[in-house]
Amino acid sequence: MKHTLIITGGAGFIGSHVVRELVTKYPDYTIVNVDALTYAGNLENLKDIDHLPNYHFEKVDICDAQAVNRVFEKYQPTGVIHLAAESHVDRSIADPLAFVMTNVIGTVNLLNAAREVWKGNYEGKRFHHVSTDEVFGALGSEGFFTEDTKYDPHSPYSASKASSDHFVRAYHDTYGMPIIMTNCSNNYGPNHFPEKLIPLCIHNIINNKPLPIYGDGKYTRDWLFVIDHAKAIDLVFHEGKNGASYNVGGFNEWTNIDLVKELCKQMDAKLGREPGTSEQLITFVKDRPGHDLRYAIDANKINKELGWYPSVTFEQGLAKTIDWFMDNQDWLNNVTSGDYQKYYNKQYQG
Ligand code: NAD
Ligand code: DAU
C-alpha cells in the first residue's frame, strides 16, 4: 500500500533518521515532517534529503490542536509515526510542565486529529507511538525490561512518556484505533544533541573541557545505534501486530564511567593525542535527582517475531559517531552557541 505518513519530531535526533530512512526507502510514499523546531529541532539534519519530491515539512507545534487538525485535514494521512517530544531528563527536572504539554497534551492532540480524519475507518491505518524504556523505571544489577514489565516511571520525563503511552493504548481500547508502540533504550549516533551524555562528551573532549559524570558513574544504560532504531521503527510500523508494543534495545550495556573512558580512548586515537590524555578531563559532579540505576532491554520479541537485530556493533557505531562529529564541527558549533551556553552553565555550574 502507498502510505501518506505524518512523522512528528522529524527534525530531531531520531526523527531525522526515521524521515531519511522512509523518504529514501519508499519513494512512492508521501512523508510529512511535522515539527515545531524547538531548540532540539534542526532542519540541517535533513539537508541531504529535503529536496526529494516525496518529502514535505510543516512547522507545527503539536500542543496547538487547531494547527494539528489542519495538517491532518490537508494531508489525510494513512499513518502517523509520533516522535515529537521533550526528551531530556535533566530539562524535565528543571521544567516538568513543558513535558506535560508536549508529551501528554501533544500526543492526545495527535490521537484526536487521527480519530477525526479516520472517522472510524481504520482499514490500512496505523498510529505508531515511539516511546522509551524509561517508563519501566529502574532495574537493580540483574534482570531486563520486557513488554510486560509494569510501568514505574521516576522522572518527570518518564512520567510524561508513560502517560502518553497510556493514552495511546486507551485510544486503541476505547475507540478501536489501530495503534502500535515501540519502547527503545538509549540511542547514540550522528545528529545527537550535545546535552546528552555521548555527544556532550565528544564536544567537550574536542574542546578540552571537563567531562561531567553524575554521582559515582556506575549507572548503566543499554546503547543502540540510531539508524538501527530507525530500521526497527520501519519494521514495526509495517509488520508489527495491531495494538502491540515492542521493546527495542542494543544488547549493549555500559556503565557511564566505562563508556566515557572508551570514548576518551577512541577520541585520543582520532585526535592524535597521547593515550590517557582525555581521561584526565573526567570530573565527578553532583548526581541527577532520582537517577535510575540501570536500564536493560529484553529485545527478544522484536527479534523473534520480526527478525530485527542491531546491524552494527558498538565499536563500529561509536567509531561512525565520532567520525560524524569530527567531520561536522560546524553543526556542533551552531547548536552549541547561544541558548545552549545558558543551559550548560545553569546545569553544570548553577
Ligand atoms: P529530540 O529532543 O532530539 O527531538 C525532538 C524533536 O521534537 C525536535 O525536532 C523538536 O523540535 C520536536 N518537538 C518538540 N516539541 C515539539 C512540539 N511541541 N511540537 C512539535 N515538535 C516538537 O528527541 P529524540 O532523542 O530524537 O527522541 C525522539 C523520540 O524518541 C521521543 O519521543 C523520545 O521520547 C523517544 N526516545 C528517545 C530515545 C533517545 O535515546 N534519544 C530513546 C528512546 C525513545
Ligand atoms: O533510555 C532511553 C532514554 O535515553 C530516552 O528516553 C531519553 O530521551 C534519552 O535522553 C536517554 O535518557 P538518559 O537520561 O539515559 O540519557 P542521558 O544521555 O541524559 O544520560 C545517560 C546517562 O549518563 C545517565 O545515567 C545520566 C548520565 N549523565 C548524563 C549527562 C548529560 C552524566 O553522568 N553526565 C551528564 O552530563
Side-chain angles (χ1 to χ4, degrees), residues 7-19 33-43 45-46 58-64 67-68 81-93 98-99 101-103 105-107 109-110 129-136 138 145 155 157-158 160-161 164-165 182-189 191-201 204 210-224 226 229-230 233 248-250 254-257 259-260 282-288 291-297 344 347-348:
I7 301 182
T8 69
F13 166 46
I14 303 171
S16 61
H17 289 279
V18 173
V19 167
N33 172 14
V34 170
D35 199 298
L37 301 181
T38 67
Y39 77 93
N42 186 349
L43 290 177
N45 293 346
L46 293 163
E58 295 281 348
K59 186 173 187 298
V60 166
D61 182 342
I62 60 168
C63 299
D64 179 347
V68 170
I81 302 182
H82 174 35
L83 296 110
E86 289 292 341
S87 70
H88 190 36
V89 173
D90 293 327
R91 289 189 193 250
S92 83
I93 294 166
F99 286 67
M101 293 311 294
T102 288
N103 300 0
I105 309 289
T107 300
N109 283 340
L110 291 164
H129 179 57
V130 176
S131 192
T132 170
D133 59 0
E134 300 203 7
V135 297
F136 300 122
F145 298 134
S155 72
Y157 163 69
S158 54
S160 69
K161 290 296 288 188
S164 66
D165 291 12
T182 39
N183 293 80
C184 190
S185 64
N186 287 60
N187 285 216
Y188 69 97
N191 311 98
H192 204 179
F193 194 81
E195 63 188 351
K196 309 280 171 72
L197 182 67
I198 289 182
L200 184 146
C201 287
N204 287 10
L211 308 177
I213 306 291
Y214 296 158
D216 63 4
K218 297 285 170 52
Y219 297 91
T220 301
R221 299 291 183 265
D222 167 12
W223 293 92
L224 175 68
V226 64
H229 187 192
I233 289 171
V248 186
W254 288 80
T255 61
N256 295 335
I257 186 68
L259 173 64
V260 172
I282 290 176
T283 310
F284 290 93
V285 299
K286 192 165 74 135
D287 210 349
R288 174 185 278 175
H291 201 163
D292 286 333
L293 179 63
R294 174 173 165 256
Y295 304 142
I297 278 275
Y344 196 91
Q347 176 66 21
Y348 294 98

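Counting starts at 1 for both ligands and their atoms, following the listed order.
Within ligand 1, the atoms closer than 4.0 Å to a non-hydrogen atom of Lys161 are 31 (C), 32 (O), 33 (C), 34 (O), numbered from 1 in the order shown. Against a heavy-atom cut-off of under 4.0 Å, Ala84 is close to the following atoms of ligand 1: 7 (O), 21 (N), 22 (C). The Asp61 neighbourhood of ligand 1 comprises atoms 17 (C), 18 (N), 19 (N), with distances under 4.0 Å to a heavy atom of that residue. Near Tyr157, meaning under 4.0 Å from one of its heavy atoms, ligand 1 places the atoms 33 (C), 34 (O).
Across Ser158, Pro212, Ser92, heavy-atom proximity to atom 34 (N) of ligand 2 is greatest for Pro212. Nearest to atom 20 (O) of ligand 2 by heavy atom, out of Lys218, Glu86, Arg288, is Arg288.
Of all protein heavy atoms, the one lying nearest to atom 9 (C) of ligand 2 is Ser87 O, 3.9 Å. In this structure, atom 33 (O) of ligand 2 lies nearest to the protein heavy atom Tyr214 N, 2.8 Å. Looking only at protein heavy atoms, the nearest one to atom 40 (O) of ligand 1 is Asn187 N, 2.9 Å. Among all protein heavy atoms, the one lying closest to atom 43 (C) of ligand 1 is Cys184 O, 3.3 Å. With hydrogens left out, the protein atom closest to atom 10 (C) of ligand 1 is Thr38 OG1, 3.3 Å, a heavy atom. Nearest non-hydrogen protein atom to atom 39 (C) of ligand 1 is Ile14 CD1, 3.7 Å.
Contact between Asp35 and ligand 1 is present, with at least one heavy atom of the residue lying under 4.0 Å from the ligand. His291 counts as a contact of ligand 2, since one of its heavy atoms falls under 4.0 Å from the ligand. Ligand 2 lies out of reach of Gln347, whose nearest heavy atom is not under 4.0 Å from it.
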